[in-house]
Amino acid sequence: MTDSMQARPEARIGSEVTAHPEQAFGTDPLQVRDTDHYTDEYVKGFVEKWDELIDWKKRYESEGRFFVDLLKSRGVKSVLDVATGTGFHSVRLIEEGFDTTSADGSPEMLAKAFENGMNYGGHVLRVVHADWRWLNRDVHGEFDAVICLGNSFTHLFSERDRRKALAEFYAVLKHDGILILDQRNYDAILDSGFSSKHTYYYCGEEVSAEPEYVDEGLARFRYRFPDDSQYHLNMYPLRKDYVRRLLREVGFQQVETYGDFQDSFAEDEPDFLVHVAEKS
Ligand code: SAM
């Protein structure tokens, strides 16, 4: 941690911005640290805009075959995508021949994912509306793999919720199943001061994501679009070793972590981390 960060345990970056009227953050957005709030954050305008601009082809290219090859190398046939969102990974995996079930806690996201499945290759997604904390109530059967991608696990604000969700993921896996869960590299954002709080650009410079406020219990990101509209997400800044420990504590035997899809990396370098947790 740099001196400037120690002197100031919380950091507010950039100008003060009010939340988008469509998003309900109330009078003090920095106090919104609630697992249940995710459905109010992924409002229609945000989701539509994101999906319109983040070209799926470009996302395919930047991600390459990392997840597909990883799943195939483990002999995975059935996959439960627990954070389907607008369906990017579900569609990708269906196209690669995986028997894929698509779950999410947001009905709007599932509707968009279903529409995208039809539009990108006429795939009829098998969708299940389920919150991770009660996943086994709504999802039946066992899977070779569970995927929780796109920095989704960060939406859980209490340790109790994180443990509950991981236990539910563990329970829907076959005895030798794997969980693949990714996250932003929050250690770099929390520890390295302002320098690491860079703006992440998507789709050229058209969409930007930047941390507007960060402390140990909240990372509030601002997303700006070419029409000058902006939306926010309040997330819990997961530290890498904390997530690895939780994964082991809920029963996963082995946890391997990749940084920007590489197995060896300098701690503060990657933007994204991917954890692969094995049940046996
Ligand atoms: N994986 C997709 C991607 O990479 O484009 C979507 C990622 S989006 C950042 C996070 C998704 O997680 C949202 O669709 C949200 O509804 C879902 N989500 C967040 N918390 C959840 C919870 N407790 N239970 C179920 N789904 C949740």
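Ligands are counted one by one from 1 in listed order, and the atoms in each one are counted from 1 as well. Nothing here was measured: the structure is a model prediction, and the numbers come from that model.
- With ligand atoms numbered from 1 in the order given, ligand 1 contributes 25 (C) to contacts under 4.0 Å with heavy atoms of Ala130.
- Here is the list of ligand 1 atoms found below 4.0 Å of a heavy atom in Gly85: 6 (C), 14 (O).
- The single protein non-hydrogen atom nearest to atom 1 (N) of ligand 1 is Ala83 O, 2.6 Å, given as residue, atom name and distance.
- Shortest contact from atom 19 (C) of ligand 1 to any protein heavy atom: Tyr38 CD1, 3.4 Å.
- Within ligand 1, counting atoms from 1 as listed, the ones closer than 4.0 Å to a heavy atom of Thr84 are 2 (C).
- Under the 3.5 Å distance criterion, the side-chain polar atoms of Glu168 are matched with a main-chain donor or acceptor of Asn136.
- Side-chain contact, His89 with Glu63: a donor N or O sits under 3.5 Å from an acceptor N or O.
- Checked by atom type, the side-chain pair Asp81/Ser90 shows a donor-acceptor distance below 3.5 Å.
- Set against the non-hydrogen atoms of Gly150, the atoms of ligand 1 under 4.0 Å away are 4 (O), 7 (C), 9 (C).
- Aromatic ring centres of His37 and Phe25 lie closer together than 6.0 Å.
- A cation-pi contact, defined as under 6.0 Å to the ring centre and within 45° of the axis, links Lys279 to Tyr170.
- The residue among Glu41, His89, Arg59 with a heavy atom at the shortest distance from atom 5 (O) of ligand 1 is Arg59.
- Evaluated by nearest non-hydrogen atom to atom 17 (C) of ligand 1, the leading choice among Asp131, Ile147, Asp104 is Asp104.
- Taking the ring axis of Tyr236 as reference, the NZ or CZ atom of Arg33 does not stay both within 45° of it and closer than 6.0 Å to the ring centre.
- Looking from atom 8 (S) of ligand 1 to the surrounding protein, the closest heavy atom is Tyr42 OH, 3.4 Å.
- Distances between N or O atoms of Val82 and those of ligand 1 include no value under 3.5 Å.
- Within the structure, ligand 1 lacks Ala165 among the residues with a heavy atom less than 4.0 angstrom away.
- Linking ILVMFWY side-chain heavy atoms closer than 4.5 Å, directly or via other members, places Phe153 and Leu173 in a single hydrophobic cluster.
- Between the side chains of Tyr213 and Asp215, a donor-acceptor pair is found at a separation under 3.5 Å.
- The two residues Leu190 and Pro237 have their closest heavy-atom pair at CD1-CB, 4.0 Å.
- Regarding atom 7 (C) of ligand 1, its nearest protein heavy-atom neighbour is Ser152 OG, 3.3 Å.
- The closest protein non-hydrogen atom to atom 26 (N) of ligand 1 is Gly105 N, 3.1 Å.
- Ligand 1 is never approached by Thr86 to a heavy-atom distance shorter than 4.0 Å.
- Using bins of under 30°, 30° to 60° and over 60° for the plane-to-plane angle, the ring pair Trp56/Tyr120 lands in the parallel bin.
- Nearest protein neighbour of atom 24 (N) of ligand 1, counting heavy atoms only, is Trp132 N, 3.0 Å.
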